[in-house]
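The structure under discussion appears below in the form of structure tokens.
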Amino acid sequence: MDHWRVDTPQGPLSQYSSVERFDAFLKQIAGVGYEAIETFDFHLPVLRDLFGSLEAARAHMQSRGIDRVLSLFHAVMYDARQSTPHVRATHDRMAGYAEYIMKSSAGLGVQNFIVMPVGLYFDVEPVTDDKIRACAELWNRIGQMTLEGYGVKTCCHHEFFCGIRSAEQLRKFYDWTDPRYVFLCLDTAQHVIAGVDPVQLFIERRERVAAFHLKDTHHVDLNGDYRRKPDAEVMAPTTDRWFYEMGTEGGLVDFPALYGAMKDTAWAGWVGVEHDKADVGGGNYPESTAIAAWYLRNVLRPIHD
């Protein structure tokens, strides 16, 4: 996932601020072994502005060793008036917007449409079975559209602060969604923070897993920080930094066990790395990207290969 900023004389700047910065970003990530990127759907018009078309943007990526935008994160601002998965009256609008994004992203080679399947926990609670079923109905509908109409898998990504977060809530949601159309983006750190073992979740839902966000954490939320308004990742007074690179001392995610389970079940596909908020505590995104690449190449790939 391309959370990325670099320090400049003008302050922190995104790689989407110019063709030159985007080009430098591509060279850095390709140089340490990555083959694709993930981005947010709100970057689509920026890529068009930079390169003239999404086809031209992908051609430029490929010239630098990056094949495609593998996954597109659907950045929905959940609002009870118009886009709330657990409120059925908003489903038509949400389905229409999702199809607009599908049409708008043609040319990048997108394979996964990453979504948070429900709003923030404090906007959803109490989390009832009917609300989970309503969410399942929406993503069944959208997942069928993205796969049958555009060849893209809809993958649900569960932040620790979203309304479907616990093991029981996850069980119900995936039992009530259609396995043909709704897939899981397994975010290792987010699940651990929510008290869910990502290795066990992978084993139980292996056939539903179509994407990964690999990152580590040193914390499990035992204080109800997932209810913190307006943003649990930055407002929780108990935790300065939620996310860490793979392989850091004190990490709670058992990545070797996860890769062992992937090998044992013959899982094959793209694996994504995320380094969300890598600059918290004095780090930086290029460094985190390189650390993760080293860990993948030297620790995890030998397990799977």
Side-chain angles (χ1 to χ4, degrees), residues 1-5 28-29 32-34 36-38 70-71 73 114 116 155-162 165-167 170 184-206 209-223 225-226 228 231-236 238-263 267 269-304:
M1 194 68 206
D2 71 344
H3 301 283
W4 187 276
R5 290 179 297 277
Q28 288 179 77
I29 61 173
V32 293
Y34 295 98
I37 65 171
E38 298 184 356
L70 175 70
S71 300
F73 203 110
I114 311 294
M116 187 168 80
C155 303
C156 295
H157 175 279
H158 301 263
E159 283 85 351
F160 78 91
F161 50 83
C162 81
R165 59 184 303 278
S166 70
L170 290 167
L184 169 63
C185 174
L186 197 151
D187 187 307
T188 50
Q190 297 280 7
H191 289 304
V192 166
I193 295 168
V196 175
D197 180 356
V199 180
Q200 186 61 35
L201 180 60
F202 171 80
I203 293 170
E204 293 173 355
R205 299 290 177 178
R206 179 258 179 214
V209 176
F212 286 91
H213 282 178
L214 299 183
K215 61 179 182 285
D216 213 338
T217 185
H218 295 177
H219 303 284
V220 177
D221 179 11
L222 301 176
N223 302 294
D225 284 328
Y226 63 91
R228 183 75 55 178
D231 186 339
E233 287 185 3
V234 297
M235 299 301 291
T238 60
T239 306
D240 294 329
R241 181 177 181 181
W242 286 108
F243 307 123
Y244 292 81
E245 301 86 2
M246 293 182 290
T248 58
E249 185 176 356
L252 299 179
V253 178
D254 191 344
F255 292 105
L258 176 60
Y259 260 64
M262 292 161 65
K263 181 176 183 178
W267 189 92
W270 290 82
V271 176
V273 169
E274 187 179 27
H275 33 262
D276 193 2
K277 299 176 178 65
D279 51 355
V280 173
N284 65 74
Y285 288 89
E287 179 184 51
S288 290
T289 302
I291 290 171
W294 182 92
Y295 190 80
L296 278 169
R297 182 169 57 249
N298 293 283
V299 179
L300 297 184
R301 283 184 180 170
I303 295 172
H304 195 271

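Worth saying up front: this structure is predicted, and the values here are computed from it rather than measured. Counting begins at 1 with the first residue of the sequence.
Between Trp267 and Phe212, the distance separating the two ring centers is shorter than 6.0 angstrom.
A donor-acceptor pair under 3.5 Å is formed between the side chain of Asn284 and the backbone N or O of Glu287. Between the side chain of Tyr34 and the backbone N or O of Thr289, at least one donor-acceptor pair lies under 3.5 Å.
Side-chain contact between Tyr226 and Arg165 is present, with at least one heavy-atom pair separated by less than 4.5 Å. A 4.5 Å side-chain heavy-atom check between Met246 and Leu296 finds at least one atom pair inside the cut-off. You'll find the side chain of Leu184 reaches within 4.5 Å of the side chain of His158, heavy atoms only. Looking only at side-chain heavy atoms (C-beta outward), Val271 and Met262 come within less than 4.5 Å of each other.
For His157, the side-chain contact (heavy atoms from CB on, under 4.5 Å) partners are Phe73, Ile114, Glu159, Cys185, Asp187, Gln190, His213, Glu274, not counting sequence neighbours.
Closest of all the heavy-atom pairs between Pro286 and Gln28 is CB-OE1, 3.6 Å. Among all heavy-atom pairs drawn from Val196 and Ser166, the shortest one is CG2-C, 4.0 Å. Taking each heavy atom of Pro198 and His191 in turn, the nearest pair found is CB-CB, 4.4 Å. Heavy-atom minimum distance, Val273 versus Ala292: CG1-CB, 3.6 Å. The heavy-atom pair separating Ala261 from Ile203 by the smallest distance is CB-CG1, 4.0 Å. Minimum heavy-atom separation, Ile193 to His219: CG1-O, 3.4 Å.
Within the model, atoms CD1 of Ile37 and CD1 of Ile29 stand 6.0 Å from one another, a figure rounded to the nearest 0.5 Å. To the nearest 0.5 Å, atoms OG1 (Thr188) and NZ (Lys215) are separated by 6.5 Å. Taking CZ of Arg228 as the reference point, atom OG1 of Thr239 lies at 10.0 Å (rounded to 0.5 Å). Residue Leu186 holds its CG atom at 8.0 Å from CZ of Phe202, rounded to the nearest 0.5 Å. To the nearest 0.5 Å, the span separating CG on Leu258 from CG on Leu300 amounts to 8.0 Å. Atoms CD and CZ, from Glu233 and Phe161 in turn, are 4.5 Å apart once rounded to the nearest 0.5 Å.
In the model, Thr248 has no side-chain atom that pairs as donor or acceptor with a side-chain atom of Asp216 under 3.5 Å.
In this structure, Phe160 and Trp242 have tilted ring planes: the angle between them lies in the 30° to 60° band. Under the 30°/60° scheme for interplanar angles, the aromatic rings of Tyr244 and His218 are found to lie parallel.
Annotation: Asp240, atom CG; neighbour count of heavy atoms from other residues, nucleotides and ligands within 6.0 Å does not exceed 12.
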